[in-house]
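Just the heavy atoms: all of them, side chains too, but no hydrogens, waters or symmetry mates, feed the values below. A, B, ... follow the sequence lines: proteins, then strands. Residue 1 opens every chain. Note that the structure is predicted; figures quoted are calculated from it, not measured.
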Amino acid sequence: MAERFQAPRGTFDVLPADAALRERVEAASRELLGRAGYLRIETPAFEDTELFARGVGESTDIVRKEMFTFEDQGGRSITLRPEGTASIARAYLEHGMQKLPQPVKLWWHGPVFRHERPQAGRFRQFTQLDAEAIGSDSPLVDAELIILLDELLRGLEVPALELRLGSLGSPQARAEYRRELISYLRDQAAELAEDVRERIDENPLRAFDSKHEGTRAVMAEAPTMLDRLDAEDSEHFATVRRLLEQAGIKYRLDGTLVRGLDYYTRTVFEFHCGGLGAQSQVAGGGRYDGLVELLGGPATPGCGWAAGIERILLALEGEEPPPRPDVFVAAAEGERERALALATELRHAGLRAELDLAGRGMKGQMRHADRLGVANAVILDEGGAMQLRDMRSGEQREIDVANVVEELAAR
RNA sequence: GUGAGCGUAGCUCAGCUGGUAGAGCUCCUGGUUGUGGUCCAGGUGGUCGCCGGUUCGAAUCCGGUCGCUCACCCCA
């Protein structure tokens with residue numbers, strides 16, 4: 001037991017029972033994003049470490065302690081992608097997509113890696129669905145992306161959804177606000193909970209989430225980022241809000257949204273699902289107007305989101321039974337090879353056909369057919385005769401070899 | 001990285017205050033020469049996570065270790 005291999009910590013197998021639901025999520029996103037003109041892109045699962053260090057930000061938890069980084073045989077530092085946006089921005093630049101009509105709208109889904117301690121809804125390898133629109137600073141872009149994400153989650157019937165919406169403004173405004181908040185907290189330190197006080201410099205925004213009474217009183221009076229937006233950012237945000245309201249999308253205004261990646265500017269948002277455990281965030285994203293430039297390109301606005309497929313699946317909670325075959329071909333001892341040929345023929349006709357591959361006796365084959373849940377069985381008798389059996393009624397009659405395929409296809 | 005709970009057959013679990021492993025489900029075979037779903041009988045399958053200690057003897061007690069789960073942190 002102990003010596004048996006196990007999937008590495010924080011990873012999992014997608015078993016057949018899980019596959020159908022997962023495919024439904026993938027199909028829904030492909031369909032929805034396709035209709036909105038988002039085009040599919042695939043980037044490598046690993047990149048130059050520096051891309052993430054620069055793109056995501058040296059000071060973020062992701063870069064500081066969550067990356068799977070290794071040296072390849074040529075001495076290059078390589079990192080399994082901990083998120084997708086930096087790769088998309090890299091591809092945008094590498095392939096000169098500035099020359100395309102803007103914005104360039106892209107989507108992808110695939111594995112993402114973060115070296116974290118696993119827990120409910122948190123894995124070391126998980127799957128993200130990403131949508132990105134690069135090259136326009138119009139608030140229409142922000143709104144379109146949020147509307148699409150909302151439709152996706154709602155269409156999948158993710159329960160107890162909540163959209164939180166905020167704006168971070170420009171990097172400068174954000175930095176100024178942060179300084180202001182830190183000094184405000186320092187002044188009020190005596191009233192704050194101990195854990196909040198200890199993290200004033202580390203993460204002052206977190207004070208807003210505290211359940212501590214004294215802290216809550218202090219925070220009720222604290223300035224929020226939304227109060228400190230400059231005129232342009234403020235107008236941009238107001239337009240995004242108006243567009244969402246026109247689209248009938250409910251949201252909770254949240255001036256304390258942080259996002260753990262440095263590249264976010266202006267609009268930020270998260271979708272949460274109640275009853276998901278501690279990791280309730282199902283999707284999140286925002287605008288990143290400085291990212292492309294940060295990676296060495298021209299000043300280029302961008303906006304996008306990532307949805308966690310596993311968290312969505314967790315919220316949907318369920319398995320779908322594997323598809324049932326239409327027909328099972330059972331064969332007497334000497335007829336096994338004919339069974340394969342017939343099954344192949346039936347498959348050509350578009351039917352799901354199975355046969356015994358384990359050397360079962362007739363009783364075993366019928367039992368197996370029953371468990372597969374087939375509606376019909378074809379039984380090949382010794383000597384060439386053939387029976388067609390209706391597995392529900394138990395009715396059975398001899399049938400002509402020439403007619404089996406037709407007969408079954410018609411059912 | 002920190003904390004808490006758990007770790008017995010493929011799955012769900014039982015095994016009281018220590019005496020050298022069980023049930024249900026699943027799977028396979030058979031129930032008078034090859035026909036299913038109910039029922040009956042039988043079978044496959046576990047060095048009780050691992051290492052060490054206490055003991056005449058440990059799945060059962062103690063220590064360590066690994067793993068899983070949940071939470072903190074942070075994020076999808």
Side-chain angles (χ1 to χ4, degrees), chain A residues 1-12 15 17 56 59-66 81-85 109-130 149 153 158 195 198-199 202-203 205-206 209 257-261 264 268-273 276-285 304-315 328-336 356 358-382 387-396:
Chain A
M1 262 294 261
E3 294 304 313
R4 286 206 307 196
F5 287 111
Q6 270 177 288
R9 163 164 261 210
T11 68
F12 53 88
L15 299 173
V56 177
S59 67
T60 61
D61 277 13
I62 290 180
V63 172
R64 283 199 323 209
K65 47 192 195 193
E66 294 173 5
R81 65 173 165 217
E83 62 102 44
T85 307
H109 80 101
V112 170
F113 308 83
R114 288 186 201 166
H115 194 120
E116 296 188 88
R117 197 88 174 250
Q119 74 186 73
R122 182 154 81 189
F123 308 94
R124 289 187 171 184
Q125 176 180 335
F126 58 102
T127 315
Q128 277 192 345
L129 169 70
D130 251 66
L149 182 52
L153 298 173
V158 177
D195 61 313
E198 280 167 3
R199 299 178 57 80
E202 186 83 12
N203 190 350
L205 273 302
R206 206 178 121 54
D209 299 329
L257 280 189
V258 203
R259 313 293 304 147
L261 298 84
Y264 284 112
V268 287
F269 53 91
E270 296 177 350
F271 275 88
H272 287 258
C273 169
L276 250 200
Q279 310 306 321
S280 66
Q281 192 190 328
V282 151
W305 50 251
I309 300 293
E310 286 75 16
R311 288 192 185 165
I312 291 173
L313 293 172
L314 215 59
F328 186 87
V329 182
E333 201 41 60
E335 308 295 327
R336 293 185 186 276
D356 176 49
R360 293 180 181 85
M362 187 54 71
K363 176 173 180 168
Q365 292 185 53
M366 293 309 288
R367 188 189 301 137
H368 188 58
D370 184 55
R371 284 173 188 163
L372 288 172
V374 296
N376 302 291
V378 172
I379 299 151
L380 303 182
D381 295 328
E382 220 146 350
Q387 313 285 327
L388 178 58
R389 182 181 182 83
D390 182 319
M391 294 298 281
R392 312 194 97 201
S393 65
E395 280 170 43
Q396 178 172 325

Legend entry - B:rC27 to B:rG36 separation - P atoms, rounded to the nearest Å: 16 Å
Legend entry - Atom P, compared across B:rU47 and B:rU8: separation rounded to whole Å: 13 Å
Inset, instruction - Measure from CZ on A:Phe328 to P on B:rG36 and round the result to the nearest Å. - result: 14 Å
Inset, instruction - Provide the Watson-Crick or G-U wobble partner of B:rC16, both distances under 3.5 Å; none if there is no partner. - result: none
Inset, instruction - Check if the side chain of A:Arg367 and the base of B:rC27 share a donor-acceptor pair of N or O atoms closer than 3.5 Å. - result: no
Inset, instruction - For A:Pro8 and for A:Glu66, locate the closest nucleotide of RNA chain B by heavy-atom distance; then report the residue assigned to the nucleotide nearer the 5' terminus. - result: A:Pro8
Inset, instruction - Give the rounded distance in Å between these two atoms: CG of A:Asp381 and P of B:rU35. - result: 11 Å
Legend entry - Test side-chain contact (heavy atoms from CB on, under 4.5 Å) applied to A:Arg360 and A:Met366, step by step: CA-CA 9 Å; A:Arg360 293 180 181 85; A:Met366 293 309 288; over 6 Å; no
Inset, instruction - For A:Ala306, report the nucleic acid contact type (base, sugar-phosphate, nothing); a contact means any heavy atom under 4.0 Å. - result: sugar-phosphate
Inset, instruction - Please give the nucleotide sitting opposite B:rC25 as a Watson-Crick or G-U wobble pair, both distances under 3.5 Å, or none. - result: B:rG10
Inset, instruction - Sticking with atom C1', work out how far B:rC11 lies from B:rG46, rounded to a whole angstrom. - result: 14 Å
Inset, instruction - Give a yes/no on whether any side-chain N or O of A:Arg360 is located under 4.0 angstrom from OP1 or OP2 of B:rC28. - result: yes
Inset, instruction - Please work out if A:Gly121 contacts a base, only the sugar-phosphate, or nothing of the nucleic acid, heavy-atom cut-off 4.0 Å. - result: base
Legend entry - P atoms of B:rG49 and B:rU60, separation to the nearest Å: 8 Å
Inset, instruction - Would you kindly give the CD-to-P distance between A:Glu116 and B:rC73, to the nearest whole Å? - result: 13 Å
Legend entry - Atom-to-atom span, CZ of A:Phe269 to P of B:rA76 - whole angstrom: 11 Å
Inset, instruction - Using a cut-off of strictly less than 4.0 Å, decide whether A:Gln119 has a side-chain nitrogen or oxygen near OP1 or OP2 of B:rC70. - result: no
Inset, instruction - Using the P atom on both, measure B:rG7 against B:rC16 and round to a whole Å. - result: 13 Å
Legend entry - Reported CZ-to-CD distance for the pair A:Arg9 and A:Gln125, which is rounded to 0.5 angstrom: 16.0 Å
Legend entry - Gap between atom CZ of A:Arg114 and atom NZ of A:Lys65 - 0.5 Å precision: 13.0 Å
Inset, instruction - Nearest whole angstrom, please: distance from the C1' of B:rC70 to the CD of A:Gln279. - result: 11 Å
Legend entry - Point-to-point distance, once rounded to the nearest 0.5 Å, from CD of A:Glu310 to CZ of A:Arg122: 14.0 Å
Inset, instruction - Measure from CG on A:Leu314 to C1' on B:rC70 and round the result to the nearest Å. - result: 13 Å
Legend entry - Who pairs with B:rC68 - Watson-Crick or G-U, where each distance is under 3.5 Å: B:rG5
Inset, instruction - Tell whether A:Gln396 reaches the base of B:rU35 with its side chain through a donor-acceptor pair below 3.5 angstrom. - result: yes
Legend entry - Euclidean distance for P, B:rU20 against B:rC6 (whole angstrom): 26 Å
Legend entry - First of A:Arg311 and A:Arg9 reached from the 5' end of RNA chain B, by closest nucleotide: A:Arg9
Legend entry - Residue matched to B:rC39 through Watson-Crick or wobble contacts both under 3.5 angstrom: B:rG31
Inset, instruction - Answer yes or no: is there a side-chain heavy-atom contact under 4.5 Å between A:Asp370 and A:Phe328? - result: no
Inset, instruction - Determine the Euclidean distance between corresponding P atoms of B:rU17 and B:rA59; express it in Å to zero decimal places. - result: 16 Å
Inset, instruction - Please determine, for B:rU47, whether a Watson-Crick or G-U wobble partner exists with both distances under 3.5 Å, and give it or none. - result: none
Legend entry - Any A:Arg392 side-chain N or O less than 4.0 Å from OP1/OP2 of B:rG37: no
Inset, instruction - Please tell me which of the listed nucleotides, B:rA76, B:rU35, B:rG67, lies nearest to the side chain of A:Arg389? - result: B:rU35
Inset, instruction - With rounding to the nearest 0.5 Å, note down the distance linking CD in A:Gln281 to CZ in A:Phe271. - result: 11.0 Å
Inset, instruction - Output the distance between atom CE (A:Met391) and atom CD (A:Gln396), rounded to the nearest 0.5 Å. - result: 9.5 Å
Inset, instruction - Calculate the interatomic distance between A:Arg64 atom CZ and B:rG1 atom C1'; express it in whole Å. - result: 12 Å
Would you tabulate the pairs of protein nitrogen or oxygen atoms and nucleotide nitrogen or oxygen atoms of nucleotides 38-45 of chain B closer than 3.5 angstrom?
none

Inset, instruction - Could you please name the partner base of B:rU60, counting Watson-Crick and G-U wobble pairs only when both distances are under 3.5 Å? - result: none
Legend entry - Touch class at under 4.0 angstrom, heavy-atom based, for A:Glu270 against every strand present: nothing
Inset, instruction - Please work out if A:Ala369 contacts a base, only the sugar-phosphate, or nothing of the nucleic acid, heavy-atom cut-off 4.0 Å. - result: nothing
Legend entry - Side-chain heavy atoms of A:His109 within contact of A:Thr127, under 4.5 Å: yes
Inset, instruction - Give the rounded distance in Å between these two atoms: CG of A:Leu276 and C1' of B:rA76. - result: 11 Å
Legend entry - Distance, P atom - from B:rC28 to B:rG37, rounded to whole angstrom: 12 Å
Legend entry - Pair of N/O donor and acceptor under 3.5 Å linking B:rC74 base with A:Arg114 side chain: no
Legend entry - From OG1 (A:Thr85) to CD (A:Gln128), nearest 0.5 Å: 7.5 Å
Inset, instruction - Report yes if the side chains of A:Ser280 and A:Arg311 come closer than 4.5 Å at any heavy-atom pair, otherwise no. - result: no
